[in-house]
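Okay, so here's the structure we're looking at.
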Amino acid sequence: MKRLTHWINGAHYESVSTNTAPVYNPATGDVAAEVPFATAEEYATAVASARTAAAMWGQSSMSRRTEVLFTFRHLLNARRDELASIITAEHGKVHADALGEISRGLENVEYACGLGTHLQGAFSSQVSTGVDVHSLRQPVGVVAGITPFNFPVMVPLWMTANAIACGNAFILKPSEKDPSAALFLAELLAEAGLPAGVFTVLQGDAATVGAILEDPAIDAVSFVGSTPIAKSIYERGTKAGKRVQALGGAKNHMLVLPDADLGVAADSAVSAAYGSAGERCMAVSVVVAVGDVADRLIPEIAQRMQTLAIGPGTDPANEMGPLITREHRDRVASYVASATEQGATVVVDGREHSFEGSAANGFFIGVSLIDNVKPGMSCYEDEIFGPVLGVIRVDTYDEAVALINANTFGNGVAIFTRDGGAARRFTNEVTCGMVGVNVPIPVPVASFSFGGWKDSLFGDAHMYGPEGVNFYTRGKVVTTRWPDPATSEVDLGFPKTR
Ligand code: NAD
């Protein structure tokens with residue numbers, strides 16, 4: 001059995017831990033490896049190495065940091081195919097989707113390559129007689145990142161690229177469900193010239209996260225995962241005096257107005273609901289159909305669902321792979337069952353899809369479409385995180401917006417319409433952090449920041465882009481005077497600006 005390592009002080013680190021978890025190949029159901037959870041000694045070794053590295057890296061020149069990031073960008077791009085295969089083997093998503101995830105991660109590395117611009121301060125000359133002021137941003141120190149299973153490369157890169165560009169040491173605690181991609185990133189960063197200790201991979205579970213949150217040696221925590229854990233991490237981390245950004249779960253609505261091009265809307269709904277088997281925090285999980293839209297749109301969606309190729313992600317013919325674990329697959333299936341019990345109409349039932357050969361034991365489920373979904377039903381209230389799309393019928397635009405704004409989540413949302421005025425009004429009124437106009441998955445490019453509202457984000461800082469740079473740095477303002485000893489005098493008054 002393959003046993004995974006940590007990455008500590010610039011090298012693979014064999015764990016002695018007896019506390020381990022299986023890592024599955026979700027396409028076959030086989031256990032492919034085991035991941036050890038850090039012992040207290042291993043945790044202490046990792047943090048000590050990161051602290052030493054942070055002191056050195058925080059003082060390194062911008063040109064050195066930029067050079068490492070450019071080289072890393074080159075290596076990541078050159079070896080993206082290999083990395084995509086690692087993602088597919090443990091996560092299950094199809095190879096093309098894994099490549100897409102890497103591209104979105106690369107964007108963040110490219111953004112971080114511009115650190116010379118992002119870290120520029122301001123300067124004001126002669127703010128008082130003979131007095132100048134300038135501002136600068138300095139690294140926070142040692143930052144920990146705790147990441148979910150669904151993007152084992154992109155989400156770690158949302159954090160890592162900016163954190164190290166800003167001069168911090170970064171400790172990644174990847175998801176225990178697909179931890180190998182993090183080790184591959186560590187190898188590439190080392191090859192790119194990143195000094196030992198600046199990037200660490202610490203394999204672990206809730207206990208490891210608890211140690212991170214309590215440890216005064218960790219200055220800031222970036223978290224991405226489900227809402228209950230995000231909320232708890234934010235509360236525990238801030239209570240311990242840390243800077244914390246914690247991104248949580250989602251229930252992303254797609255509002256379709258009667259004037260929309262329904263062919264485009266159906267293509268978008270199918271792509272955004274079933275891509276990556278619905279295991280995306282920006283997946284569309286509810287269509288809000290206004291007026292007569294549902295009767296016209298549902299047949300279009302159902303027809304497209306019939307042609308989706310579902311199977312192992314290693315086969316280039318497949319468009320959708322398995323779910324991450326057997327338990328998660330069964331949980332997703334239970335939401336389809338509950339929908340019928342609670343009065344919704346299952347139009348296409350993914351539980352009926354059968355899988356053969358090696359896939360028979362994999363964690364597969366087909367795609368589902370549920371009509372007549374209503375608030376209060378568990379298939380609407382909970383984040384299902386699987387290939388299940390619900391349709392809620394409403395009479396008016398106002399009813400649709402009230403419904404979306406009443407939802408506890410506020411990650412992504414989209415409107416499909418040809419009416420510019422309605423779209424503009426919607427972008428203004430909706431209480432979500434990321435809005436698409438005829439764009440179903442509005443993940444911002446790396447030069448903007450990513451984050452939801454309400455129960456989709458705890459903390460003030462969104463992730464990556466300018467807010468990421470702010471999160472990974474502390475501001476400082478320096479006021480300077482070069483006095484003339486001849487005119488110097490004692491003055492007990494409050495410092496004046498004139
Ligand atoms: P998860 O919350 O179960 O796990 C996320 C991380 O937290 C993992 O590293 C895990 O080891 C750790 N963890 C799990 N239980 C913990 C506990 N009790 N205490 C401390 N740490 C714990 O999430 P997941 O199932 O890996 O990922 C799916 C979830 O992530 C979905 O809810 C999805 O919406 C969300 N997500 C959100 C975004 C976003 O940007 N908002 C992006 C991707 C995923």
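The basis for the numbers below is simple: all heavy atoms, side chains too, and nothing from hydrogens, waters or symmetry mates. When a ligand or atom number is given, it counts from 1 through the structure's own listing order.
When heavy-atom distances to ligand 1 are checked against a 4.0 Å cut-off, M463 has no atom that comes that close, whether in backbone or side chain. Contacts of E176 with ligand 1, taken as heavy-atom pairs under 4.0 Å, involve the side chain alone.
Side-chain polar atoms of R80 and N77 form a donor-acceptor pair below 3.5 angstrom. In the model, S222 has a side-chain atom that pairs as donor or acceptor with a side-chain atom of Q245 under 3.5 Å. Using a 3.5 Å distance cut-off with no hydrogens or angles, the side chains of S226 and E383 do not pair a donor with an acceptor. A donor-acceptor contact closer than 3.5 angstrom is absent between the side chains of N318 and H95. In summary, the side chains of K454 and T431 do present a donor paired with an acceptor at a separation below 3.5 Å, with no hydrogens or angles considered.
The nearest protein atom to atom 28 (C) of ligand 1, hydrogens excluded, is given as F385 CE2, 3.5 Å; this is a heavy-atom distance. From the protein, the heavy atom lying nearest to atom 40 (O) of ligand 1 is F450 CE2, 2.9 Å. Annotation: atom 39 (C) of ligand 1 to nearest protein heavy atom, C281 SG, 3.5 Å. When only non-hydrogen protein atoms are considered, atom 22 (C) of ligand 1 lies nearest to I229 CG2, 3.6 Å. The closest protein non-hydrogen atom to atom 2 (O) of ligand 1 is S226 OG, 2.6 Å. In terms of protein heavy-atom proximity, atom 12 (C) of ligand 1 is closest to I146 CG2, 4.1 Å. Counting only heavy atoms of the protein, atom 24 (P) of ligand 1 lies nearest to F149 CD2, 3.6 Å. Scanning the protein heavy atoms around atom 7 (O) of ligand 1, the nearest turns out to be F223 CE1, 3.3 Å.
Between Y234 and F458, the ring planes lie tilted relative to each other; the angle falls in the 30° to 60° range. Note on ring orientation: taking the six-membered ring where Trp is involved, the planes of W7 and H12 are perpendicular (angle over 60°, cut-offs 30° and 60°).
In the vicinity of W158, heavy-atom distances shorter than 4.0 Å reach the ligand 1 atoms 40 (O). In the vicinity of V224, heavy-atom distances shorter than 4.0 Å reach the ligand 1 atoms 5 (C), 36 (N), 37 (C), 38 (C), 39 (C), 40 (O), 42 (C), 43 (C), 44 (C).
Contact annotation for atom 4 (O) of ligand 1: protein absent (non-hydrogen atoms, distance under 4.0 Å).
Aromatic rings from H118 and Y111 are positioned such that their centres are separated by under 6.0 Å. H253 and Y380 have their aromatic ring centers within a separation under 6.0 angstrom.
Annotation: G249 places no N or O atom under 3.5 Å from an N or O atom of ligand 1; distance criterion only. Of the polar atoms of E383, at least one N or O is found under 3.5 Å from an N or O of ligand 1, judged by distance alone. Considering backbone and side-chain N/O atoms, N150 never comes within less than 3.5 Å of an N/O atom of ligand 1. Ligand 1 has a nitrogen or oxygen under 3.5 angstrom from a nitrogen or oxygen of T147. Between G248 and ligand 1, at least one N/O pair is under 3.5 Å apart. At under 3.5 Å, a nitrogen or oxygen of K173, whether backbone or side chain, sits near a nitrogen or oxygen of ligand 1.
In this structure a side-chain-to-backbone donor-acceptor pair under 3.5 Å is missing from N168 to F170.
Taking each heavy atom of Y274 and P387 in turn, the nearest pair found is CE2-O, 3.4 Å.
Every heavy atom of F37 sits 4.0 Å or more from the atoms of ligand 1.
Each of K242, R51, R243 was evaluated against D219; a single residue qualifies, R51, per the salt bridge (charged side-chain N to carboxylate O under 4.0 Å, His left out) test.
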